[in-house]
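A quick write-up on the structure given underneath.
A, B, ... follow the sequence lines: proteins, then strands. Residue 1 opens every chain.
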Amino acid sequence: MSVRVRIAPSPTGDPHVGTAYVALFNRAFARQQGGQFLLRIEDTDRTRSTPESEAMIFESLRWLGLTWDEGPDVGGPSGPYRQSERLPIYKDHTEKLLASGAAYLCFCTSERLDALRREQTTAKLPTRYDGACRDLAPAEASRRRTAGEACVVRLRIPASGELAFDDLVRGRISFQAEQIDDQVLLKGDGYPTYHLANVVDDHLMGITHVMRAEEWIPSVPKHLLLYRAFGWTPPGMAHLPLLRNPDRSKISKRKQPTSLNWYRDQGYLPEAMVNFLALMGFSQPDGKEIFPFEEMARNFAFERITTSGPVFDLKKLEWLNGTYLRELIPGALAARLAPFGASAQDPARVAAILPLVQERLKRLAEWGELTDFFFTAPEPGPLLLEQGKHPAAEGAAMLEEAAAALQDQADFSSAAVEALLRGKQALRGWKTGDYFMTLRVAVTGRKATPPLTDTFAVLGREEVVRRLRAAAAWLGRAREA
RNA sequence: GCGCCCGUCGUCCAGCCUGGCCUAGGACACCGCCCUUUCAAGGCGGCGACACGGGUUCGAAUCCCGUCGGGCGUACCA
C-alpha cells in the first residue's frame, strides 16, 4: 500500500512556522516512500477560519517549496479537501455512532458546562464532563432532538481499560480509559470537532501515517476509540516535538516570530528556512548540517527524529541563511533581491555592487541599509571628526589631496586606485588605518563598508571626488567653528 | 489538581535501542588569535553539558527505580 500522509492546518491567522515544520517532515517521508502528501484544510471552527488565512497557507508553503499532491486547490481523488465541504459525511458517520451506542446525544448547555468546570476546578478535581446525558434512554434523546432541542454528540468512553498505541518516534504510549473525557464529536452548529473530522477524513482519504505535533498525543486515545467504533484500522502515528520559544514554552507569536510571512519579508531564503526546520529534531547520519530537502527525504527515518522540543534559534537561522546567500550565483542573488528594493535600481549598478556585499548579507532585507551609500551620497557630519588622531585640518588636507590625485586618475580600477592611494599615504607618512578610515567615512558616511577601493571603483571617479571634496569642506568649516 | 510527553554544552544535534571505542563529538552563539584599510568571509584556538539520587554491572550518558525540572493536554479551538 502506498504511503499517504497529510498536513491539516486550520486557516486561522497568519501561516504558522509550525505548519511548515510538520509539512516538511510529512513531505520528506512521502517523498522517500514514493507516496502522496496531501493538504487538508480544517476549517471547522466557523468563528476563526478565514479564506484569507487559507490563501496565505497555500502561498507560504509554496514559497517554501513544500507543495502537495492533493488539496483543496489542486484537487485529487479523495476530495473535498476542505472540511467545511464535508459536513454530510460527518453527519452520516455521527449517526452510525449514535446507532451503535458508541456516541450519545447531550443536551447540556454551555452555561451548565462552564459552571461544572468551575466547581471542579475550585474543588481541585479533574475537569470532566459529568455524564449527565450519558445514560439518557436513546428513544427519549432522539425524541428531544427531533423536537428541536439543542444538542451535541458526545463520544462514549468506556469506563475502564487501557488505550495504547506505538508511536513511531516515541514508542509505546498508553492511557487509562477512566482518565478520558466524553469528547464532543459534533457541535451544536452541526460542525464536527477536530476529533471526529480528523479520524473520519484520515480514514476516508487513505492516510497511512499521521505525523503531527506532540500537542496531539493526549487526544490519541479518543481517536483510537473512534477507529474502533467505526471498525477501522488506525494509521501509524508519529508525534513530532513542539517548536519552542527561548523560554521553552510552545512557540508563540508573543515571544518569537511565528508567521511565515515575517520570515519571507525579513529575507530568509526558503531553502535556508527548510534546511533550518529540518535541523529541528532531525539529523543526517553523517552529521552534515547543510543539506537540501531531497537529501532529508533520502535519509528520513522515524528513528532519526528527536523527542525533546527544540528552541527555535534565530541566530542559527541567520547563519544558515548567510551560507545559502553566499552560494547563490550573482544573477540568482539579484533576482532574490528584486523584491527588496533592487528591482527599482539600475541593474548594472546592482550587478557591480553584488560581489561586494554578498558575503556580508545575512538577510535579503539588509540590502538597503548595506548599500544605500552606493546610491545616495552621505551627508558629511561629526563622524568625520572621530576618525584617527589627526586634527580636523589634517583630515581635510588628506581628503583634498586624495581628491586631487584621484581626479587625474584615468584608470579607476580598484587595483590602480589602491596603488595610488597607498603611494600617497606612504609618502605623507599617514597611518594606514587612519587614512583609509577617513576616506571611508568621507565617501560612504560609515565605518563599516566593503573594501574601500572596490567601493570607489563602483562609485566612479566623479562621484568619489565630489564626496571627498564635500567632506573636506565640511571639515574645513568644523575647524573654524 | 489530574493525564501524557520530555530532560547531553547558552542553543541545535551526534552518542543511548545493541553498556566498555566517551578523559562525551559536531554546529550556532560567545571570547581570543591569524588574515586585513573597516566590516564581513575564512583559518586556528578557547569557554562550555551527560538534571539529581539510588540500583544493576567488573564497567552506565547509555539499562531499572525514584526525585526534581520543563512542556503539552485537560474547550461545542485546532
Establish, with yes or no, whether the OP1 or OP2 oxygen of B/rC6 is under 4.0 angstrom from a side-chain nitrogen or oxygen of A/K250.
no
Picking from B/rC76, B/rC28, B/rU37, the nucleotide nearest the side-chain atoms of A/T453 would be B/rU37
Using a cut-off of strictly less than 4.0 Å, decide whether A/K288 has a side-chain nitrogen or oxygen near OP1 or OP2 of B/rA14.
no
NA contact type, A/P9, heavy-atom cut-off 4.0 Å: base, sugar-phosphate, or nothing?
nothing
At under 4.0 Å between heavy atoms, what does A/S174 touch on the DNA or RNA strands: base, sugar-phosphate, or nothing?
sugar-phosphate
For A/R48, report the nucleic acid contact type (base, sugar-phosphate, nothing); a contact means any heavy atom under 4.0 Å.
base
Nearest heavy atom decides the nucleotide; on that basis, is A/K315 or A/T323 closer to the 5' end of RNA chain B?
A/K315
So what does A/C151 touch, heavy atoms closer than 4.0 Å: a base, only the sugar-phosphate, or nothing?
nothing
With a non-hydrogen cut-off below 4.0 angstrom, is A/V311 in contact with a base, only sugar-phosphate, or nothing?
sugar-phosphate
Starting the side chain at C-beta, find the nucleotide from B/rA14, B/rC2, B/rC5 nearest to A/P126.
B/rC2
Which part of the nucleic acid, if any, lies within contact of A/R128, taking any heavy atom under 4.0 Å across all strands shown: a base, the sugar-phosphate backbone alone, or nothing?
nothing
Please compare A/L452 and A/E289 by the position of their nearest nucleotide in RNA chain B and report the one closer to 5'.
A/E289
Partner nucleotide, any strand, of B/rG53 [Watson-Crick/G-U, under 3.5 Å]:
B/rC65
Taking the P atom of each, how far is B/rU62 from B/rG54, in whole Å?
14 Å
Regarding A/G309, tell me which of base, sugar-phosphate or nothing describes its non-hydrogen contacts under 4.0 Å with the strands shown.
sugar-phosphate
So does A/K316 reach the base of B/rA29 with its side chain, donor to acceptor, closer than 3.5 Å?
no
Is any side-chain nitrogen or oxygen of A/R360 closer than 4.0 Å to OP1 or OP2 of B/rG42?
no
Span that lies between the P atom of B/rC6 and that of B/rC44, in whole angstrom:
38 Å
Within 45 degrees of the axis of the six-membered ring of A/F373 and under 6.0 Å from its centre: does A/R446 put its NZ or CZ there?
no
Does A/T306 reach a base, just sugar-phosphate, or nothing at all? Heavy atoms under 4.0 Å.
sugar-phosphate
Determine the interatomic distance between C1' on B/rU56 and the same-named atom on B/rC13; round to the nearest Å.
30 Å
Among B/rA14, B/rA78, B/rG3, the one nearest any side-chain atom of A/Q179 is B/rG3
Roughly how many Å is it from NZ in A/K447 to P in B/rU36, rounded to a whole number?
22 Å
In Watson-Crick or G-U wobble terms, both distances under 3.5 Å, what is the partner of B/rA27?
B/rU11
Under 4.0 angstrom, heavy atoms only, what part of the nucleic acid is A/S249 near: base, sugar-phosphate, or nothing?
sugar-phosphate
OP1 or OP2 of B/rG42 versus the side-chain N and O atoms of A/R326: is any pair under 4.0 Å?
yes
Can you tell me the pairing partner of B/rC44 across any strand shown, Watson-Crick or G-U wobble, with both distances under 3.5 angstrom?
B/rG32
Out of B/rU11, B/rU38, B/rG73, which nucleotide sits closest to the side chain of A/M437?
B/rU38
Partner nucleotide of B/rC58 by Watson-Crick or wobble geometry (both distances under 3.5 Å)
B/rG20
Looking only at atom C1', what distance separates B/rC12 and B/rG7, rounded to whole Å?
15 Å
A/S249 and A/N245: side chain donor to acceptor below 3.5 Å
yes
Please determine, for B/rC2, whether a Watson-Crick or G-U wobble partner exists with both distances under 3.5 Å, and give it or none.
B/rG73
Sugar-phosphate only, base, or nothing, as touched by A/G171 at under 4.0 Å among non-hydrogen atoms
nothing
P atom, B/rC35 versus B/rG10: distance in rounded Å?
33 Å
With the side chain of A/T307 defined as its heavy atoms from C-beta on, choose the nearest nucleotide among B/rA78, B/rC6, B/rC12.
B/rC6
What does A/F175 touch in the nucleic acid at a heavy-atom separation under 4.0 angstrom: a base, only the sugar-phosphate, or nothing?
sugar-phosphate
What nucleotide, of B/rC39, B/rC76, B/rG1, holds the atom closest to the side chain of A/K124?
B/rG1
Of all the nucleotides listed (B/rC6, B/rA78, B/rU37), which has the minimum atom distance to the side chain of A/E215?
B/rA78
If you count every heavy atom of other residues, nucleotides or ligands that lies below 6.0 Å from A/R254 atom CZ, does the total exceed 12?
no
Taking the P atom of each, how far is B/rA61 from B/rC21, in whole Å?
9 Å
Around atom CD of A/E386, are there more than 12 heavy atoms of other residues, nucleotides or ligands at under 6.0 Å?
yes
Counting just side-chain N and O atoms, does A/R248 come under 4.0 Å of either OP1 or OP2 of B/rU11?
yes
Would A/D45 and A/Y194 count as having a side-chain donor-acceptor pair, cut-off 3.5 Å?
no
If you look at every strand shown and take non-hydrogen atoms under 4.0 Å, does A/P451 touch a base, only sugar-phosphate, or nothing?
base
Got more than 12 heavy atoms from elsewhere within 6.0 Å of CZ, A/R428?
no
Scan A/T44 against the nucleic acid and name what it touches under 4.0 Å (heavy atoms): base, sugar-phosphate only, or nothing.
sugar-phosphate
Do side-chain atoms of A/R156 reach the backbone of A/R134 as a donor and acceptor pair under 3.5 angstrom?
yes
Work out how far the P atom of B/rC16 is from that of B/rU11, and round it to whole angstrom.
22 Å
Answer with base, sugar-phosphate or nothing: what part of the nucleic acid does A/T127 contact at a heavy-atom distance below 4.0 Å?
base
Nearest-angstrom distance, C1' atom, B/rU8 to B/rG25:
11 Å
